[in-house]
Novice: 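Have a look at this one.
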Amino acid sequence: MSIKVQEVSKIYGKQKALDNLSFEINQGEIVGFLGPNGAGKSTMMKIITGYIPQTSGLVEVNALDVSKDSLEIRKQIGYLPEHNPLYLEMYVKEYLNHVASIYKLGNRKAKRIAEIIDLTGLGDEQNKKIASLSKGYRQRVGIAQALIHDPKVLILDEPTTGLDPNQLLEIRKLIINIGREKTVMLSTHIMQEVEACCQRVLIVNKGKLAADRKIDFLSAVKSSPMVEVEFASEVSIELLQQLNDVVQLIELGSKRFTFVSKKDIRKSIFEFAVAKNLVILEMKSKAQNLEDIFHELTV
Ligand code: ADP
C-alpha cells in the first residue's frame, strides 16, 4: 500500500472540509482525485504530504504515519502544490540546484538534475529565467522539483489547470511516463483529465468520497445506454442490483436511479418492476456523457 487514508476529517473553524474520508492507493497506480471546486482535494493532498494536520483519522504513506514521521514522509513524496509556487527570478537549473540542496543530494546532485531535466523535457529551457517560461514549461519545472529527490509517491494538485491544449497533452504524456515507475495521485475537476491519465478515479464531493472506480468504468459508461427511472415509493439499491446486464447503478434519491447497462434494458426494468410489485412513475433514456456522470455523483 502506498497511501492509506482512514476516516480522515478536517475542520477549519466551523468549515468541515473533509468528512470521514477513507481510501487506499496501491504502489504504481495513477489515481485521479476528482471533484468540484471546494470538494476538499487540496486539503486532502496537503494532509497526505504532511503540510497540514488532519483533525482526526489516520494517514499513512508507505506504512509511515504522516502525523508522526513528517520528515521521512517528505523524502518519500514529491508534491506539486496548486498554483505551482516557483521563484520566478531564478534560472531553471539554478532553481533545481536549490531544491536539490534542500534535499541534501550531495555528490549525486549534478547527475540527478541532468536526469530530471531530460525526463521533464527542460533541456532547451534550463538556462532561462523561470519568469520567461510559458505556463506549460513552468509546470514542467514544478514537476521537476517534485521529482528531484526520486520520491516513490508523487502528489500533483491540479497539474494541468490553465494550460493550453498542446501544453495539456504534453503534461499528460509526462505524467503517464512518470507513472510507469511511481505512484501518482493527481487532482482535477475535469473528468477527461482522469480518463486520459489515470487507472482509477476517486470522486470526492463536499469532503466525502462519492465513488471509487477503475477507469474502464468510465469507458463502459460512455458507450452504454442510460435510463433514469423514478419509482412511486422507496426502493433499495440492493434489490435493483439483482437486475441483469446493469453495469452501474447510480442512486439519485431513494426513489430515483440511473441504470447504466450494456444494452437497452428498458423492457427488463419494466418486467422486473412488475415482478417485484414496484410502480414506475417515469422512465427516460439519457444522453451518456462523462460530465453527466460526474454531475450525478457530485450534486
Ligand atoms: P478543492 O481543492 O477541492 O477546491 P479545498 O481543499 O481547497 O477544495 O477546500 C475545501 C473546503 O475547505 C472549501 O470550502 C474551502 O473554502 C475550505 N478551506 C480550504 N482551506 C481553508 C483554510 N485555510 N481556512 C478555512 N477554510 C478553508
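Ligands are counted one by one from 1 in listed order, and the atoms in each one are counted from 1 as well. Side chains are part of it too, since the values below use all heavy atoms of this structure and drop only hydrogens, waters and symmetry mates.
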Novice: Taking only heavy atoms of N37 into account, list the atoms of ligand 1 that are under 4.0 Å away from them.
Specialist: 4 (O)
Novice: Between Y51 and R74, is there a cation-pi geometry (under 6.0 Å to ring centre, at most 45° from the normal)?
Specialist: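 Yes, a cation-pi geometry.
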Novice: Please write down residue, atom name and distance for the protein heavy atom closest to atom 5 (P) of ligand 1.
Specialist: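 Protein heavy atom at minimum distance: T43 OG1, 3.6 Å.
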Novice: Between the side chain of Q145 and the main-chain N/O of G142, is any donor-acceptor distance below 3.5 Å?
Specialist: yes
Novice: Please check if the distance between the ring centroids of F259 and F272 is under 6.0 Å.
Specialist: no
Novice: Give the residue and atom name of whichever protein heavy atom lies nearest to atom 7 (O) of ligand 1, and the separation in Å to one decimal.
Specialist: S42 CB, 3.7 Å
Novice: With the side chain counted from C-beta on, respond yes when L133 and L86 share a heavy-atom pair under 4.5 Å apart, and no when they do not.
Specialist: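 They are not in side-chain contact.
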Novice: Distance under 4.0 Å to a non-hydrogen atom of A39: what atoms of ligand 1 satisfy this?
Specialist: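 What qualifies from ligand 1 is 1 (P), 3 (O), 8 (O).
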Novice: Any side-chain heavy atom of T183 sitting closer than 4.5 Å to one from K152?
Specialist: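 In short, these two side chains do not touch, never coming nearer than 4.5 Å.
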Novice: Heavy-atom distances under 4.0 Å decide this one: backbone, side chain, both or neither, for Q15 against ligand 1?
Specialist: side chain
Novice: Any idea which protein heavy atom is nearest atom 27 (C) of ligand 1, and the distance to it?
Specialist: Y12 CD1, 3.2 Å
Novice: Here's a test for you: under salt bridge (charged side-chain N to carboxylate O under 4.0 Å, His left out), which of K182, R108, K111 qualifies with D150?
Specialist: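 Among K182, R108, K111, the one meeting salt bridge (charged side-chain N to carboxylate O under 4.0 Å, His left out) with D150 is K182.
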Novice: Looking at atom 16 (O) of ligand 1, would you say a protein heavy atom lies below 4.0 Å from it?
Specialist: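 Under the 4.0 Å cut-off, atom 16 (O) of ligand 1 has no protein heavy-atom neighbours at all.
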Novice: Under 3.5 Å, side chain of Q76 to main-chain N/O of I73, donor-acceptor pair present?
Specialist: no
Novice: Which protein heavy atom lies closest to atom 4 (O) of ligand 1, and at what distance to 0.1 Å?
Specialist: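 Here the closest protein heavy atom is G38 N, 2.7 Å.
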Novice: Which residue holds the protein heavy atom closest to atom 8 (O) of ligand 1, what is that atom called, and what is the gap in Å?
Specialist: G40 N, 3.1 Å
Novice: Can you tell me which residue and heavy atom of the protein come closest to atom 12 (O) of ligand 1, and the distance to 0.1 Å?
Specialist: A17 CB, 3.4 Å
Novice: Which one holds for P36 and ligand 1: side chain close, backbone close, both close, or neither close, with close meaning a heavy atom under 4.0 Å?
Specialist: backbone
Novice: Between the side chains of K206 and D19, is the shortest nitrogen-to-carboxylate-oxygen separation below 4.0 Å, so that they form an ion pair?
Specialist: no
